[in-house]
Q: 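Starting off with a structure, shown below.
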Amino acid sequence: MNYWLLKTEPDEYSLEHLRSEPSGQARWDGIRNYQARNLLRDAVAAGDQVLIYHSQCRQVGVVGQAEVVRGGYPDPAQFDPDSHYYDAKASADAPRWYCIDIRFVAALPRTVTLAEIKREPQLDDMVLRRQGRLSVQPVTRAQWQHILSMAKRGQ
DNA sequence: GCCAACGTTGGC
DNA sequence: GCCAACGTTGGC
């Protein structure tokens with residue numbers, strides 16, 4: 001079982017959107033970056049635990065937890081000419097982009113902000129610190145636990 | 001395969 | 001809105 005951090009812009013799709021899905025889950029699609037794609041396709045699996053991170057907003061940081069319910073499968077949006085995520089170079093035989101399904105688990109008691117994460121020596125090695133733009137990132141168990149404890153402790 | 005030009009992301 | 005960092009494209 002692995003841990004991941006998924007980024008989203010809350011104006012587009014927030015933790016609250018996920019929480020209010022009637023099915024309790026959602027397809028995490030539209031990822032169009034090869035490094036992130038490779039992780040979705042090859043590494044993310046059902047049962048993995050996810051931190052949801054809000055970017056491009058007033059309070060940037062980790063806001064909640066989710067769980068992977070279905071590992072990587074071809075993102076249907078790449079085949080849909082009406083979709084913003086359509087990719088003419090993708091085909092059913094040779095899909096380019098992958099997505100996963102996740103379900104809401106919990107909102108953190110408070111947002112653990114990027115500013116705090118940067119100040120935390122135990123989190124020096126987080127991918128977030130070095131590769132800020134990657135939208136699917138691996139997280140270690142220790143980092144996972146540390147972030148959850150920061151959220152509980154209030155700080 | 002290199003590299004310049006360009007596009008996108010994302011913090012501030 | 002600005003700008004730095006990074007990713008992608010395409011000519012050669």
Q: State whether A/Y53 places a side-chain N or O below 4.0 Å from either non-bridging phosphate oxygen (OP1 or OP2) of B/dT9.
A: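 For B/dT9, neither OP1 nor OP2 has a side-chain N or O of A/Y53 closer than 4.0 Å.
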
Q: Strictly below 4.0 Å, N to O, side chains only: are A/D75 and A/R37 in salt-bridge contact?
A: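 So A/D75 does not pair with A/R37 through a salt bridge.
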
Q: Can you tell me the distance, in whole Å, between the CD atom of A/Q59 and the P atom of B/dG11?
A: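 It is 13 Å, rounded to the nearest whole Å.
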
Q: So that I can tick it off, tell me whether A/R119 and A/E116 are bridged by a salt bridge, with the cut-off set at under 4.0 angstrom between side-chain N and carboxylate O.
A: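 No salt bridge links A/E116 with A/R119.
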
Q: To the nearest Å, how far apart are A/L5 CG and B/dT9 C1'?
A: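 Answer to the nearest Å: 15 Å.
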
Q: Take A/N33 and A/K89, find for each the nucleotide of DNA chain C with the closest heavy atom, and name the residue whose nucleotide sits nearer the 5' end.
A: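 Nearest nucleotide further toward 5': that of A/N33.
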
Q: Can you tell me the distance, in whole Å, between the CD1 atom of A/I117 and the P atom of B/dG11?
A: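 So the CD1-P distance, A/I117 to B/dG11, works out to 10 Å.
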
Q: Go through B/dT9, C/dG7, C/dT8 for me and flag the one nearest to the A/Q56 side chain.
A: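 Out of B/dT9, C/dG7, C/dT8, the nucleotide with an atom closest to A/Q56's side chain is B/dT9.
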
Q: Calculate the interatomic distance between A/E12 atom CD and B/dT9 atom P; express it in whole Å.
A: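 After rounding, the gap between these two atoms is 10 Å.
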
Q: Whole angstroms only, please: what is the CD-P distance between A/Q131 and B/dG10?
A: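 Between P of B/dG10 and CD of A/Q131: 12 Å.
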
Q: Distance check needed: C/dC6 C1' versus A/R133 CZ, whole Å only.
A: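 Roughly 4 Å, once rounded to whole Å.
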
Q: Whole angstrom is fine here: how far is it from CG in A/D11 over to P in B/dG10?
A: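 My rounded result for the distance is 13 Å.
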
Q: Could you check which of B/dG10, C/dG7, C/dT8 has an atom nearest any side-chain atom of A/E9?
A: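 Of B/dG10, C/dG7, C/dT8, B/dG10 is nearest to the side chain of A/E9.
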
Q: Between A/D101 and A/Y73, do the side chains contain an N or O donor and an N or O acceptor separated by less than 3.5 Å?
A: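 Present: a donor and an acceptor within the cut-off.
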
Q: CG of A/L134 versus P of C/dT8: gap in Å, rounded?
A: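 Atom-to-atom, A/L134 to C/dT8, this comes out as 11 Å.
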
Q: Is a side-chain donor or acceptor of A/Q49 paired with a backbone partner of A/G47 at a separation under 3.5 angstrom?
A: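 Yes; at least one donor-acceptor contact below 3.5 Å.
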
